[in-house]
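One structure is given below, encoded as C-alpha cells.
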Amino acid sequence: MNQLNQPESLSQPLTQSEFVATFRLFSRFSFWIQLFLGAVSGIVLLFAMLGRNMGEQTNNAGIGFGVVLAIIGLLLLGFRIFWDFRYRLLGRLLHAENSQVYPSKEHITHTLRIGLVSSLVGVLIAFVASEETVAVVLAKTLSQPQAMAAYAPENVIRSLDIFVTMANVNLIGAHFFGAVTSLGLLNWVEE
C-alpha cells in the first residue's frame with residue numbers, strides 16, 4: 001500500500017501519507033458529527049418518551065412504532081459510532097512507523113464496507129420511522145377539525161409527536177454522514 005491513486009479525473013496520485021492524513025481527518029469528522037447528531041436524537045427521543053403520559057391510553061400505535069424504530073436506529077447509530085472509532089484506530093495503525101503493523105488493503109476495505117452497510121441500514125430504518133411518524137401526524141391533522149380534537153384525544157397533535165419525527169430526521173443525517181465517509185474512504189482505498 002505504498003501509493004493509493006485518486007480517481008482518473010484527478011491526475012495526481014494520492015501518496016500513503018496523504019491517504020493516512022485524509023483517512024484520519026474523515027474518520028474524526030464523521031465520528032464527532034455522528035456523536036453530536038446521535039446525542040441530539042437520543043435527548044429528543046428521551047423527552048418524547050418521558051413526556052408521554054405512560055398511564056394514559058391514547059390508542060396511537062403509530063407514534064409508538066415510530067419510537068421503537070427510532071430506538072433501533074439509535075442503537076444502530078451507536079454501533080456506527082463505535083465503528084468510526086475503529087476507523088480512527090486504523091488511521092493510527094496506518095500512521096505507525098513499523099510497517100509490520102499496517103493493516104492490509106483487504107482489512108481496510110472490509111472494515112469500511114461494514115461501516116457503509118450499517119449506515120445504509122440505519123438510513124433506511126430512520127427514513128421508514130420518520131415517514132411513518134409524519135403520516136400519523138398528518139392523519140391526525142386531517143381526521144377532524146381542530147375544534148373537535150378536544151373530544152378525541154388520540155387525534156390531538158402533541159409536540160411530543162414532532163419530537164419523535166425530529167429524532168428520526170437527525171438519525172437520517174447521522175447515518176448519512178457515516179455512509180458518505182465510508183463511501184469516500186472506500187473509493188480512495190479501491191482506486
*Please state whether the rings of Phe85 and Phe31 are parallel, tilted or perpendicular, taking 30° and 60° as the class boundaries.*
tilted
According to side chain to side chain contact (heavy atoms under 4.5 Å, CB included), who are the partners of [X], at least two apart in sequence or on a separate chain?
| X | answer |
| --- | --- |
| Leu75 | Ile71 |
| Arg28 | Arg24, Trp32, Arg88 |
| His110 | Ile114 |
| Phe36 | Val40 |

Applying a strict under-4.5 Å side-chain criterion to I, L, V, M, F, W and Y, I'd like to know whether [X] and [Y] cluster together.
| X | Y | result |
| --- | --- | --- |
| Phe176 | Leu124 | no |
| Phe23 | Leu186 | yes |
| Ile72 | Val121 | yes |
| Leu76 | Val68 | yes |

Quick one: pull up [atom1] in [X] and [atom2] in [Y] and give me the separation to the nearest 0.5 Å.
| X | Y | atom1 | atom2 | value |
| --- | --- | --- | --- | --- |
| Asn187 | Leu112 | CG | CG | 11.0 Å |
| Leu77 | Leu35 | CG | CG | 8.5 Å |
| Arg113 | Leu185 | CZ | CG | 13.5 Å |

*Taking ILVMFWY side chains as joined if any heavy atoms are under 4.5 angstrom apart, and letting links pass through other members, which residues group with Val123?*
none
*Cluster companions of Phe127 among Ile, Leu, Val, Met, Phe, Trp, Tyr (side-chain spacing under 4.5 Å)*: Ile172
*Going through the checks in order, is the side chain to side chain contact (heavy atoms under 4.5 Å, CB included) test met by Phe65 and Val136?*
CA-CA 10 Å; Phe65 184 64; Val136 168; over 6 Å; no
Identify the two heavy atoms, one from [X] and one from [Y], that lie closest to each other, and give their separation to 0.1 Å.
| X | Y | result |
| --- | --- | --- |
| Val44 | Phe163 | CG1-O, 3.0 Å |
| Gly115 | Tyr87 | CA-OH, 3.5 Å |
| Ala167 | Ser41 | O-OG, 3.1 Å |

*Who are the ring-ring contact (aromatic ring centres under 6.0 Å, His included) partners of Phe26, not counting sequence neighbours?*
Trp188
*Only pairs at least two apart or in different chains count here, so list each side-chain hydrogen bond (donor to acceptor under 3.5 Å, both in side chains) that has a residue in residues 115-131.*
Arg80-Ser119
*With sequence neighbours excluded, give me every side-chain hydrogen bond (donor to acceptor under 3.5 Å, both in side chains) pair touching residues 172-181.*
Ser30-Thr181
*Is the side chain of Trp83 donor-acceptor paired with the backbone N or O of Thr111 at a distance under 3.5 Å, no angle test?*
yes
_Can you tell me which residue among Val164, Leu69, Val128 is in a side-chain contact (heavy atoms from CB on, under 4.5 Å) with Thr133?_
Val164
_Pair Leu171-Leu37, side chain to side chain contact (heavy atoms under 4.5 Å, CB included): steps then yes or no_ = CA-CA 7 Å; Leu171 287 171; Leu37 289 173; over 6 Å; no
*Compare all side-chain heavy atoms of Glu132 with those of Asn168 and state whether any distance is below 4.5 angstrom.*
no
*asked:* Filter on salt bridge (charged side-chain N to carboxylate O under 4.0 Å, His left out), then keep only pairs touching residues 36-50, sequence neighbours left out; what's left?
replied: none
